[in-house]
Amino acid sequence: MPWGGAVALACDSPRIVGRVALSGAGITRLRVPAPLLAATVPWLLRPSVARSTALLRRMAAPGQGELPGHLSSWMCLVARHCRTSLAPPPLPSRLLEQRRTVPTLVVAGRFDPFLPPRALGPAARRRLGAEFQVIEGAGHLLLDEAPVEVSAVVEEFCAALED
């Protein structure tokens, strides 16, 4: 499940001129703090919308208020029908080294509990040679918490590739 960033980084298509990884799994080891694990276990064992909501609240930035209802429904479906990898290990260094030739932007929410910026930023620069941006006021759910900010950062990155 948390392999989105790792899948994008593993792709070596010659048509890719730039990569954007939001909360880039695969770059460094994911953290699973105890409160997040405490919300994850019930969600996995007996999925429900309420348990999905509790887990999503742990992924989101503090003070986000109500999360969109469709997220809780979606996470409930995921828990019922998919197998999670929980905290996958980082991709091999040799693979990430090969990807350094393609400009890459890694974006994280300031409050991402899995990939906190203080851990992800240095790893993204060191292991991938990537640019790194932090979205203030967001957690792990970047596209739902800060869609306008994410769009602006990605647009700026893409415009720089065209220059």
Side-chain angles (χ1 to χ4, degrees), residues 1-13 16 19-93 95-96 99 104-124 127-128 130 132-154 157:
M1 198 170 60
W3 281 98
V7 171
L9 292 171
C11 180
D12 66 352
S13 170
I16 295 177
R19 290 185 178 89
V20 176
L22 303 176
S23 297
I27 298 171
T28 190
R29 185 164 302 283
L30 273 69
R31 290 183 58 235
V32 185
L36 191 56
L37 187 59
T40 301
V41 172
W43 170 75
L44 286 171
L45 294 177
R46 293 190 54 217
S48 70
V49 171
R51 287 187 171 103
S52 296
T53 300
L55 177 58
L56 288 165
R57 283 192 181 124
R58 293 285 180 187
M59 293 180 185
Q64 277 297 318
E66 285 302 309
L67 296 166
H70 71 275
L71 284 181
S72 296
S73 298
W74 171 251
M75 286 294 287
C76 186
L77 285 172
V78 167
R80 287 181 180 157
H81 302 286
C82 298
R83 296 294 169 244
T84 178
S85 57
L86 290 180
L91 292 169
S93 293
L95 175 68
L96 292 178
R99 301 304 178 256
T104 302
L105 169 66
V106 176
V107 183
R110 171 69 62 206
F111 301 99
D112 189 326
F114 292 111
L115 295 159
R118 69 183 176 280
L120 182 58
R127 299 191 74 214
L128 198 53
F132 183 72
Q133 293 281 330
V134 175
I135 303 291
E136 299 297 333
H140 190 70
L141 309 172
L142 283 171
L143 291 175
D144 293 289
E145 295 177 278
V148 172
E149 294 85 348
V150 170
S151 180
V153 168
V154 171
F157 174 73

Atom [atom1] of [X] and atom [atom2] of [Y]: how far apart are they, to the nearest 0.5 Å?
X	Y	atom1	atom2	result
Leu143	Ser151	CG	OG	9.5 Å
His70	Leu77	NE2	CG	12.0 Å
Leu30	His140	CG	NE2	7.0 Å
Thr104	Phe157	OG1	CZ	6.0 Å

Write down the atom of [X], the atom of [Y], and the distance for their closest heavy-atom approach.
X	Y	answer
Leu115	Ala108	O-CB, 4.1 Å
Leu128	Leu96	CD1-O, 3.6 Å
Trp43	Met75	NE1-O, 3.1 Å
Pro62	Phe111	CD-CG, 3.5 Å
Ser48	Arg80	CA-NH2, 4.2 Å
Pro33	Pro113	CD-O, 3.8 Å

**Request:** Any pair with a residue in residues 36-46 that passes salt bridge (charged side-chain N to carboxylate O under 4.0 Å, His left out), sequence neighbours left out, goes on the list, sorted by first then second residue, please.
**Result:**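 Those involving residues 36-46 do not exist here.
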
**Asked** How would you list all residue pairs meeting salt bridge (charged side-chain N to carboxylate O under 4.0 Å, His left out) that involve residues 132-144, not counting sequence neighbours?
**Response**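 Applying salt bridge (charged side-chain N to carboxylate O under 4.0 Å, His left out) to every pair that reaches into residues 132-144, excluding sequence neighbours, yields Arg110-Glu136.
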
**Counterpart residues, side chain to side chain donor-acceptor pair (under 3.5 Å), relative to Arg127 (two or more places apart)** =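 Testing Arg127 for side chain to side chain donor-acceptor pair (under 3.5 Å), a comparison that skips the adjacent residues, returns Ser93.
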
**Message:** Test of understanding: with side chain to side chain donor-acceptor pair (under 3.5 Å), list the residues that count as partners of Thr53, not counting sequence neighbours.
**Reply:**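 Side chain to side chain donor-acceptor pair (under 3.5 Å) check on Thr53 returns Ser72.
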
**Message:** Applying side chain to side chain contact (heavy atoms under 4.5 Å, CB included) to Arg51 and Leu55, what does each step give before you reach the verdict?
**Reply:** CA-CA 6 Å; Arg51 287 187 171 103; Leu55 177 58; over 6 Å; no

**Item:** Residues forming a side chain to side chain contact (heavy atoms under 4.5 Å, CB included) with Glu145, sequence neighbours excluded
**Value:**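 In terms of side chain to side chain contact (heavy atoms under 4.5 Å, CB included), with neighbours along the sequence ignored, Glu145 is linked to Ala60, Ala61, Gln64, Ala138, Leu141.
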
**Request:** Could I get the full list of salt bridge (Lys or Arg N to Asp or Glu O under 4.0 Å) partners for Arg29, not counting sequence neighbours?
**Result:**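 For Arg29 there are no salt bridge (Lys or Arg N to Asp or Glu O under 4.0 Å) partners, ignoring immediate neighbours.
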
